[in-house]
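Notes to accompany the following structure.
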Amino acid sequence: MSVVPDVVKKYQGLGARVVLQKGAGVPAHFPDSVFPEVTFADSAVEVCEQADVVFCVQPPADDTIAAIKPGSLLLGLLQPWTSVERARQLAERQITAFALELLPRISRAQSMDALSSQGAVAGYECALIAADHSPKFFPMLTYAAGTIRPAKVLVIGCGVAGLQAIATARRIGAMVEAYDVRPETREQVESLGAKFVDTGVSAAGTGGYARELTDEEKAKQAERLAKAVAQCDALITTAAIPGKRAPRIITADMVARMKPGAVVVDMAAESGGNVEGTVAGEKVWVGDVLVIGPANIPSRMPVHASEMYAKNLFNFISPFIKDGALALDWDDEVMAGTCLTHAGELRHAGVKQVLGL
Amino acid sequence: MSVVPDVVKKYQGLGARVVLQKGAGVPAHFPDSVFPEVTFADSAVEVCEQADVVFCVQPPADDTIAAIKPGSLLLGLLQPWTSVERARQLAERQITAFALELLPRISRAQSMDALSSQGAVAGYECALIAADHSPKFFPMLTYAAGTIRPAKVLVIGCGVAGLQAIATARRIGAMVEAYDVRPETREQVESLGAKFVDTGVSAAGTGGYARELTDEEKAKQAERLAKAVAQCDALITTAAIPGKRAPRIITADMVARMKPGAVVVDMAAESGGNVEGTVAGEKVWVGDVLVIGPANIPSRMPVHASEMYAKNLFNFISPFIKDGALALDWDDEVMAGTCLTHAGELRHAGVKQVLGL
Amino acid sequence: MEGFAALYIFMLAAFTGYEVISRVPVILHTPLMSGSNFVHGVVLVGAMVVLGHADPEDPVQLVIGFVAVFLGAANAAGGYVVTERMLAMFKGGNKKEGGA
Amino acid sequence: MEGFAALYIFMLAAFTGYEVISRVPVILHTPLMSGSNFVHGVVLVGAMVVLGHADPEDPVQLVIGFVAVFLGAANAAGGYVVTERMLAMFKGGNKKEGGA
Amino acid sequence: MANWFIQASYFVVAVVFILGLKAMSSPVTARKGIVWAGYAMVAATVVTFFTPGLGNVGLMVLAIVAGGAVAWWSGKTVKMTDMPQMVAIYNGMGGGAAAAIAALEFARGEIHDPVVATLAVLGALIGSVAFSGSCIAYAKLQGIMKNAFRLPQQNMVNIGLAALTALLGLAIVVSDQPSSTLIVLFFVLALALGAILTSPIGGADMPVVISLLNAFTGLAVGFEGYVLGNPALIVAGIVVGASGTLLTQLMAKAMNRPITNVIFTPISGAAAGGEGEAIEGTMKEFSALDAASVMRYASKVAIVPGYGMAVAGAQHKVWEMAQLLEEAGVEVVFAIHPVAGRMPGHMNVLLAEAGVPYDKIFDLEEINADFPQIDVALVIGANDVVNPVARTDKTSPIYGMPILNVDMAQNVIVVKRGKGAGYSGIENALFYKDNCRMLYGSAQDAIGQVITHVKALES
Amino acid sequence: MANWFIQASYFVVAVVFILGLKAMSSPVTARKGIVWAGYAMVAATVVTFFTPGLGNVGLMVLAIVAGGAVAWWSGKTVKMTDMPQMVAIYNGMGGGAAAAIAALEFARGEIHDPVVATLAVLGALIGSVAFSGSCIAYAKLQGIMKNAFRLPQQNMVNIGLAALTALLGLAIVVSDQPSSTLIVLFFVLALALGAILTSPIGGADMPVVISLLNAFTGLAVGFEGYVLGNPALIVAGIVVGASGTLLTQLMAKAMNRPITNVIFTPISGAAAGGEGEAIEGTMKEFSALDAASVMRYASKVAIVPGYGMAVAGAQHKVWEMAQLLEEAGVEVVFAIHPVAGRMPGHMNVLLAEAGVPYDKIFDLEEINADFPQIDVALVIGANDVVNPVARTDKTSPIYGMPILNVDMAQNVIVVKRGKGAGYSGIENALFYKDNCRMLYGSAQDAIGQVITHVKALES
Ligand SMILES: NC(=O)c1ccc[n+]([C@@H]2O[C@H](COP(=O)([O-])OP(=O)(O)OC[C@H]3O[C@@H](n4cnc5c(N)ncnc54)[C@H](OP(=O)(O)O)[C@@H]3O)[C@@H](O)[C@H]2O)c1
Ligand SMILES: NC(=O)c1ccc[n+]([C@@H]2O[C@H](COP(=O)([O-])OP(=O)(O)OC[C@H]3O[C@@H](n4cnc5c(N)ncnc54)[C@H](OP(=O)(O)O)[C@@H]3O)[C@@H](O)[C@H]2O)c1
Ligand SMILES: NC(=O)c1ccc[n+]([C@@H]2O[C@H](COP(=O)([O-])OP(=O)(O)OC[C@H]3O[C@@H](n4cnc5c(N)ncnc54)[C@H](O)[C@@H]3O)[C@@H](O)[C@H]2O)c1
Ligand SMILES: NC(=O)c1ccc[n+]([C@@H]2O[C@H](COP(=O)([O-])OP(=O)(O)OC[C@H]3O[C@@H](n4cnc5c(N)ncnc54)[C@H](O)[C@@H]3O)[C@@H](O)[C@H]2O)c1
């Protein structure tokens, strides 16, 4: 959901009219009845035909894009790196498309950062999935006939989602170790009471993202990690490199050496997987290890994920809505940086390069 | 699993020989290879044919019972209240059957109390299930675009499982309220940092169990509870009365008044359900409320559930194994109290009464 | 006064002064300084005695004596007023509200 | 000694004694009691003086004086030994081990 | 040697005594304090030999050597556990010395000034009471005098005797040359008063009484110091008198017994304590300050939490206390009984919430054998799980349940609110054991207070 | 009235002064203390009029009324913020009075005993220094004297002048009838010494200096008390001398400036503090004791945690402190910035772990408007999220990010380890604001110390 009732009110407060696809809120437990002053349209296409600004969660289907009025705005997580076709189509139709993945990670833009807010959701959910699927207790538990030692959880990739996964696993009671290539994450991991796995490889990139590793580095990392992996009861991987396929960190061999009954949750499954053998959207047994590749994780927690996402979109666009009219400001670095296509052009240099355009 | 490798060693230490069904440990991630000095049998029937003491988790199938040697022991969670047939069959075959459900709840017997240990597992799992299925965050979370208030979790029935559910939900970060008919649970609930819902009805029974309520009491309870139910984001019910069908506490009407997206986990689903509309082993949508009736919950956490259960069984029987030979002591109140059938008779008064024998 | 007795008095007074305030919180540093400032205003008594025994014929003595008493009185009076005002803020702390 | 000087000394000594030990932990109650017991063993000095000035011809005086000195010496010596033994247990606490 | 030099030495001695006492009031410097004071005492004694006109030196040396040697030897050889009675008897000797000084001055007929006479008589009275009282205290603690001896109408007798003695004292003061009968009678009565006051007091209250008598001796010495015109005696005596009075109050407070109760309604000997029915022994109370001191100077402490800690929600405080103790060099572990609390893992949840690291938590099997090596077992709101009855009494409902053997630790401190029983509703034999002390209060408060005191011990 | 009655009155006055000072050293009884002392002072003054042979009563009454009235009136009307200089000037007057007493005694030529003469001279010297020094302190604080005035070779000049004055003093002591030139010269030099010693000292150090001069006056009064044979003056003076010395040490310690530094290497005025580049103002340090006192006597405290609290793992301590403050009647809330820490909900996780109830936690939107009503904002390891630059400086990387407006609170206390920047790496203008104080140290330690002090304030 890209709007929730509270946010709808805010748009209306700015003088905008809100058009909503019928039943769009139902999966997120917002029945149409909770949007009192909204115009309902029967399909996504119909919505697009009426709107000057189109909000979406995932990139719209081709026919939906085709229905968007030329010159109007499209805003959402448009997966800009994945499809040359879509980028072309958006440019051709003269749509001003903003892909929130491209949002510059500067302080002011944090309240619009959908990757962060959805990352938080994903991290929390992955920790729960791991706990739920583990054949063991996460916390230590002394009971009448003995004591159960706490489970060991290893989190790989300590971005927003990874940190949240650490915090959640710790809360449930597990002993958590974590690993990331960026060295500054060590302190962050420790600030959550978890232990950092030291592999001696650093891959600090720019802008809070990581760079890709060399082969030699990968080998070293793999070797040291393999030991930590073999010892853990649950493994949660969240490593990602923007614009790239997710790094393959955990090999089939490492998985094979895990304890019987261990659980792997690969948050990066959809973008290729950090773990060899993950299948996005499925749970597969690799030997006696359960490898889970959850898909579309935020949809597992639709109420709050929607609320967060809707607020991010609102914070992004609201400065440019004045009395119900749009007034974009191309000098604004946040908005300019997030723009994928405008006036028939693919605007974003990084995406251009990746897509080879 | 009624044995785990550690416990097998202990039995062997007492001079006993252990026979195990092939592959029995696999679902609990104990492959046959981890039981080095054990005799393997192809089927449950074959196991029974060889054994003087038969351990089981759930009551064995009829053909398995038929294979048990007359005069030998059967030990497990035999669900004594549920089947007249089984009780008759056990008695007729001269099997000395011990149903751990009947274990007297005295201090000394706590280390044998399988209901407690499996209750702990179930409570923990139910809280995780609730968190996992909730469309909301359990904990409070302040993020760049706002604050998410913590979820409200209501736990009904504060026995061993209920308390564990409370503790687990609190750990994850929810605000927990709880309710039980036994007044002494108030302090116990508060000792875990949760709030007690006061309905003004008390149903303290004997031996740590609850008695059944009168209709009037039920109405009063229902009315006060309905309010708490309507306000919560997740509801976990664990109420039970031994030897009886689980009390129906949450009516369809109460469920209908819950918030959209609320989750109900009915731990008592298998014994009839505390919630109207639960289906054991299934997730059903009742309006916009998800009602989950998890079945065979300990099997969701097989490693530790087996470990605990195996230790309980061992603690029960080991005092009577001397140098590999059985020496039952019918003066022992724990063992006598747990006995369901012996020497062709149904021994347990309570069960006799309930089954009408 | 006999010399040694005075010495004992000096010594014990010093101990007493030191110990009596050894656990004072910062927030009282200034008021306490002001309060002890007031206490040594008792110099007024000494000044009165010397002025009282000054030669009424000798203007130098009278002037010095007058100055001594004037200053002593100012020390005492000013010290009191200022301290009292500072300490008025501590009417039992806000302890009563909180209950502790 | 002049009466008032003595009075001041009494008063100040009392303050000093009171304040000096006002923050003693229980674990030191007994040792401190023993220590102050030792300190008043200085009565020995007084006993010596009176015996020293007793009439050497008067056996009653000599006996009383002897008893006084004997008791005083025992007070001082015994008090010291006992206190020292008790306090030997506190060799700086186990602070050094822990660091604190 | 010049008189001024003697005077100056006395002055320095007085200063050192004060500094010594101050040092003795902190565990860190206490040892130094007594050593300083010891040097000062030697100096004072030596200097006194140079007093102009001092006679009877041979006798004096004999008395010093005899008294000193006897006391030194007995003080060195006595068992540590017998220390209190030694303190009592040495203190009594000091009081006796003060009284003897007054007696000698009267005998010499040198006292004329009424102020001097008054102080001399007061010193003699107080010193005599201290002397005889201390002897009784010694006899009781040493086991020479077994029973508390209580007159009918004890308090009336006390008051009457005190009044009579005071009257005689007054007579001595007013008569310029008191008769020796009067003087002797006065001393006899004063000695009797001390004995009679102390006789009914039981063993538990003795430390308080000894401390009070100690303060008395201090006062007596101070007064005789005035009589002799010796400011060093005045200062040392009065300082001890004042500090001793405060100390007596502190001790009485630590025992929860107002001083007046100690003297006027003494509890004697074994009759004290709880109901204890079939179980032998008494329940002995402890203050938070005591608990703090005992743990602070222990080398290993095991904390045994139970349902009461959960009820009180005291887990954060408990962990804070544990950390403080660890900072002070004490080893602290947590011992968890399998069924502590009301659900499996109850204690785990709470300790995890408080942030206690897993490696400090031990279960019954891991720790039970270690208890004899543990200095203090701190039981916080646990009851059934530490009840030794489970090991011994076949009829008990908890018989056969394994328990944490805290009773085998050197010291046990139990924190609970009152006489409440545990889940099983039975009496706990642990609470009546000799090595067990009760710290009453809700766990949150009680541990909070312990924390305050542990901190105070560091500063 | 009999002389003994006057003496007895003085004695009582001295006792009351001591009790008063004792009372003044605890916030709870402080007010009572000054009132008691006030009554004692009135009693002492009245009694003195009955001194046998007292002349010049008219002049005396005039002086008392004049001096008293002027001081009373000025003390009543001065602004609270100008109190320190009033304390300084009244103190100086006391010193002046002591010096004048000595001058008069010399003028009357009554001093012959060398001990008395020595103490008279010492008292005069110290009193004069206190007088002129206090006048300078007054002038500086009052803004009459703006610049710190520093001679070349200041320390040499100080020592030289002091030696010269001492020499003259010695001359007075040894000569049986000192010439009036000698006396006048001595006083002039003593006054100059006080002025020169105080001149270079900057405003920040002034409270310490005033306290020192206060102790000086006490000593001077004590010495003149000996000269006059008045034990009440001795006791009051010396008690103040000793307590003032301790107080001076405590104050210097609270400011992290050894006393010797204050006098010999003074920092003058505005030059103090951090680098502060483009940002104006200085960073001002605070001790844990100060922080504790300020919060303990506040009515509302907002705690703003940041990444540093997470790094230090200080959440349990922070909550403990908050609870202590609440017990003392202070309202405490937690203000959480949306991006405090390094992940969404970072602070929530930690505060939940520490057990902070949800209803004490407020987010930016809920609390930002309240800051002007908040007495103390305690910022613990947060930096970017409270940096006012985000509101003002368009070039800053954090421009436009909403921040917690802690700078609008009455007082801000920032806990951090040193000069480390936050995530965005930029300077924080908050730290240089007038109402902001830095409490340096890792959050865990710093808050731990604050806790200790808050507790001490209660006991
Ligand atoms: N773990 C399980 O799964 C489970 C389940 C059911 C039953 N049980 C039973 O529960 C018992 C557990 O033993 P336990 O030693 O933990 O607890 P316990 O035997 O129930 O004793 C708790 C003690 O805590 C004290 N207490 C209560 N509130 C307090 C407070 N606020 N502050 C300080 N003290 C407080 C009570 O004494 P005062 O009233 O004097 O303060 C009481 O004696 C066992 O008998 C066990 O069999 C355990
Ligand atoms: N919440 C999110 O999702 C998220 C994600 C990524 C980035 N960020 C960024 O992170 C920043 C968060 O701001 P913040 O105010 O919480 O933190 P911050 O600006 O990073 O400042 C942390 C401060 O804590 C101090 N510190 C570090 N360790 C300490 C210790 N042990 N004890 C005491 N102080 C300590 C440091 O100063 P010293 O070194 O002097 O002690 C530092 O100035 C924002 O800039 C935000 O944009 C947030
Ligand atoms: N400036 C801001 O305001 C702002 C806003 C949001 C996030 N950020 C920063 O950006 C960082 C990354 O954010 P994200 O969560 O979106 O990152 P992400 O989802 O792009 O990547 C997740 C993590 O995977 C790690 N990773 C990549 N390759 C790896 C490998 N081979 N092995 C192990 N780990 C690997 C990365 O270092 C990163 O921490 C955050 O931690 C945060 O500090 C900053
Ligand atoms: N003596 C022992 O050593 C020992 C051992 C294990 C358990 N116990 C005690 O027995 C108690 C119950 O154990 P359990 O968990 O096996 O119980 P259970 O599974 O039989 O019942 C679960 C809970 O449901 C509650 N309940 C029943 N009807 C209800 C209704 N209508 N509404 C609300 N709640 C209702 C019961 O009061 C009970 O707390 C435990 O809490 C424990 O205190 C004692």
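A note on names: the letters A, B, ... follow the listed sequences, proteins ahead of strands, and every chain is numbered from 1.
- Expressed to the nearest 0.5 Å, how far CD of Q61(C) lies from CG of N56(F) amounts to 9.0 Å.
- The most heavy-atom pairs under 4.5 Å with chain C, out of I89(F), L228(F), I64(F), D113(F), come from I64(F).
- Of the atoms belonging to S134(F), not a single heavy atom falls under 4.5 Å from chain C.
- At distances below 3.5 Å, not a single donor-acceptor pair connects side-chain atoms of R31(F) with backbone N or O atoms of M86(C).
- Residue L44(C) is tested with T45(F), L233(F), V221(F), T48(F) for a side-chain contact (heavy atoms from CB on, under 4.5 Å); the sole match is T45(F).
- With respect to chain F, the highest number of heavy-atom pairs below 4.5 Å among L71(C), V63(C), V82(C) belongs to L71(C).
- No other option in G41(C), G35(C), A68(C), A47(C) has as many heavy-atom pairs under 4.5 Å with chain F as A68(C).
- Between W72(F) and Y80(C), the ring planes lie parallel to each other; the angle is under 30°, not in the 30° to 60° tilted range.
- Using a 4.5 Å heavy-atom cutoff, the side chains of T83(C) and M24(F) are in contact.
- Between chain F and the residues V39(C), V69(C), D55(C), I64(C), the most heavy-atom pairs under 4.5 angstrom are made by V39(C).
- Contact of L12(C) with chain F is not made at all, since no heavy-atom distance falls under 4.5 Å.
- In this structure, N75(C) contributes its side chain and N91(F) its backbone to no donor-acceptor pair below 3.5 Å.
- Contacts with chain F were tallied for A14(C), A76(C), G65(C); A14(C) has the most, counting heavy-atom pairs under 4.5 Å.
- Both the backbone and the side chain of F49(F) come within contact range of chain C, each with at least one heavy atom under 4.5 Å from a heavy atom of that chain.
- One finds the NE2 atom of H53(C) at 7.0 Å from the CZ atom of R108(F) (value rounded to the nearest 0.5 Å).
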Step-by-step side-chain contact (heavy atoms from CB on, under 4.5 Å) determination, F10(C) to Y226(F) = CA-CA 10 Å; F10(C) 273 104; Y226(F) 182 79; 4.2 Å; yes

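- Contacts with chain C were tallied for V87(F), V70(F), V115(F), V35(F); V87(F) has the most, counting heavy-atom pairs under 4.5 Å.
- Proximity to chain C involves both the backbone and the side chain of I34(F), based on heavy atoms less than 4.5 angstrom apart.
- Looking at V78(F), the atoms closer than 4.5 Å to chain C (heavy atoms on both sides) sit in the backbone and in the side chain alike.
- When heavy atoms are compared at a cutoff of 4.5 Å, E105(F) approaches chain C solely by way of its side chain, counted from C-beta outward.
- With contacts defined as side-chain heavy-atom distances shorter than 4.5 Å, the pair L87(C)/K32(F) does not qualify.
- Contacts of S211(F) with chain C are made by both backbone and side-chain atoms, with heavy-atom separations under 4.5 Å.
- Between F66(C) and L62(F) the shortest side-chain heavy-atom distance falls below 4.5 Å.
- In the model, N214(F) has a side-chain atom that pairs as donor or acceptor with a side-chain atom of S36(C) under 3.5 Å.
- Each of T248(F), T29(F), L54(F) has some count of heavy-atom pairs under 4.5 Å with chain C, and the biggest count is that of L54(F).
- With a threshold of 4.5 angstrom between heavy atoms, L51(C) approaches chain F through its backbone and through its side chain.
- Using a 4.5 Å cut-off on side-chain heavy atoms (C-beta onward), V20(C) and V239(F) make no contact.
- The side-chain heavy atoms of L32(C) and L21(F), taken from C-beta on, include a pair separated by under 4.5 Å.
- For V57(F), no part lies under 4.5 angstrom from a heavy atom of chain C.
- For V60(C), no part lies near chain F; criterion is any non-hydrogen pair under 4.5 Å.
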